[in-house]
Amino acid sequence: MNEQGGNRVLIVDDDPAVLQVYGRVLARVGHRCTEVSDPHEVLGFLRGSPDYGVVITDLNMPGLGGVELMRQVREQFAERSWLQLIVITGNASLESAIDSLRLDATEYLQKPVSATDLTRAVSRAALRSEASRLLGASISRSEYLERLKEVAAVAGQLVGQIRGLDALPPASAEANQAPGTPAVEAAAGEDLPGGDAARPVASKGATLKFIWQLQETRREVFRGSTLPESSWDILTELMSLELSGKRISVSGLCLAANCPVTTALRRIDELTDLGLIVKDPDPADARRLYVRMTEVGRSKMEEFLNQVARGLAPT
Amino acid sequence: MESTPLRQALHDLNSTLQIATGNIELLEMSGPLNEECQEYVTIALKALEHAAAQVRVLQRDARSTD
């Protein structure tokens with residue numbers, strides 16, 4: 001079962017020993033590979049199964065070179081936008097690199113390629129392929145309505161938060177605040193949008209202080225890793241889903257990351273490398289991967305939430 | 001680009017280096033090696049890396065003399 005991506009990998013090289021090495025290295029990290037030593041057979045394998053998401057090819061092969069092979073693949077499978085091509089050549093040249101780029105090859109590697117570089121390149125390509133499949137897939141009406149409901153729920157929460165911000169006291173009132181006045185005060189006599197006139201409201205200064213404390217706590221808990229906002233969005237989304245006992249796929253998480261899909265995929269890779277999250281294949285659909293927090297990731301988020309909760313507790 | 005015998009030989013040499021490097025890395029991945037073995041593996045990989053760099057120099061020379 002493929003743990004790095006739901007796509008199968010087709011490897012083409014006229015040297016069987018090279019094929020064996022690539023196949024074994026990739027199998028060790030969970031990729032399902034098909035090894036082909038005759039490039040003429042590649043189109044037949046692709047015709048036989050849409051599951052192939054990544055094709056790795058050599059360039060110098062007798063009878064049919066890698067560039068010509070890639071051209072034929074692109075021509076005959078133009079509708080398979082998810083097909084990712086990786087070139088690994090023992091005779092790299094500017095000319096072949098340009099040809100490969102023109103045929104939309106995602107990686108161009110020089111032999112001998114290390115096991116680490118190979119697995120990284122294939123994992124990246126498999127993720128890109130999966131994202132491309134999902135973005136290209138049409139969704140059913142019920143799924144569309146479900147997503148619409150989720151968006152409406154988030155919009156409702158945002159409206160509530162914006163109303164809460166509106167309820168903060170005006171800046172002039174804060175400027176006139178006497179030294180030593182408690183940070184939390186009542187919005188005297190003013191009707192809040194929520195209808196709770198007596199609800200205590202934090203001053204802007206206290207709110208800012210709280211935001212800084214949040215950022216400081218985040219730096220403290222995730223020391224050594226500077227997390228971009230989109231990575232943080234991914235972690236909070238995963239934590240929230242774990243608390244509600246739900247799970248999410250890579251594509252769902254990309255939508256929740258509030259950034260372009262390619263960036264989200266990169267963030268997911270980075271968080272995986274940091275050991276904070278992990279991808280699990282869906283046993284029911286090999287093309288889908290679910291994402292969850294690792295023990296380390298969960299304990300760090302719990303530590304963060306506990307520290308924030310202590311900060312929120314009334315003194 | 002036409003493949004000359006020299007270019008083909010260098011390409012094949014890179015494939016051979018790939019097979020050697022890959023199999024040594026697979027050996028490393030297959031389980032923890034004792035300290036002595038790990039040292040031999042590291043030296044072998046470094047030697048292969050060096051050989052690959054030499055091949056790249058020869059390939060550059062071959063291109064420039066075409």
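A note on names: the letters A, B, ... follow the listed sequences, proteins ahead of strands, and every chain is numbered from 1. For the numbers below, each heavy atom of this structure counts, side chains included, while hydrogens, waters and symmetry mates do not.
- Each of A:S96, A:S114, A:P112, A:A92 has some count of heavy-atom pairs under 4.5 Å with chain B, and the biggest count is that of A:P112.
- Of all heavy-atom pairs between B:S15 and A:V18, the closest is O-CG2, 3.8 Å.
- Only the side chain of A:Q110 comes within less than 4.5 Å of a heavy atom in chain B; its backbone stays farther off.
- Looking at A:D15, only its side chain comes within 4.5 Å of chain B, counting heavy atoms on both sides.
- Comparing B:E49, B:Q59, B:Q18 by heavy-atom pairs within less than 4.5 Å of chain A, the highest count is held by B:Q18.
- Residue B:E36 places its CD atom among 12 or fewer non-hydrogen atoms of other residues, nucleotides or ligands, all under 6.0 Å distant.
- Looking at B:L10, the atoms closer than 4.5 Å to chain A (heavy atoms on both sides) all sit in the backbone: N, CA, C or O.
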Checking A:N60 against B:Q8 for the side-chain contact (heavy atoms from CB on, under 4.5 Å) test, could you report, in this order, the C-alpha distance in whole Å, the side-chain angles of both residues, the deciding distance, and whether it holds?
CA-CA 8 Å; A:N60 286 36; B:Q8 186 59 46; 3.9 Å; yes

List the steps, then state whether side-chain contact (heavy atoms from CB on, under 4.5 Å) holds for A:V25 with B:L26.
CA-CA 7 Å; A:V25 166; B:L26 281 166; 3.9 Å; yes

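- Taking each heavy atom of A:V21 and B:I19 in turn, the nearest pair found is CG2-O, 3.9 Å.
- Your options are B:A51, B:A52, B:G22, B:A20, and the one with the most heavy-atom pairs under 4.5 Å with chain A is B:G22.
- Summarising the geometry, atom CG belonging to A:N91 is positioned 6.5 Å from atom CZ belonging to B:R63; distances are rounded to the nearest 0.5 Å.
- Residues A:A115 and B:M29 approach most closely at CB-CE, 3.3 Å, considering heavy atoms.
- More than 12 heavy atoms of other residues, nucleotides or ligands shown are found within 6.0 angstrom of CZ on A:R28.
- Of the two parts of B:S30, the backbone and the side chain both hold a non-hydrogen atom closer than 4.5 Å to a non-hydrogen atom of chain A.
- At a 4.5 Å heavy-atom cutoff, the contact between B:R56 and chain A is made by side-chain atoms alone.
- Of all heavy-atom pairs spanning A:V113 and B:E25, the tightest one is O-OE1, 4.4 Å.
- For A:D58, the part lying near chain B is the side chain, with the backbone staying farther off; criterion is any non-hydrogen pair under 4.5 Å.
- Contacts of A:R24 with chain B are made by both backbone and side-chain atoms, with heavy-atom separations under 4.5 Å.
- Heavy atoms from other residues, nucleotides or ligands lying under 6.0 Å from CZ of A:R298 number more than 12.
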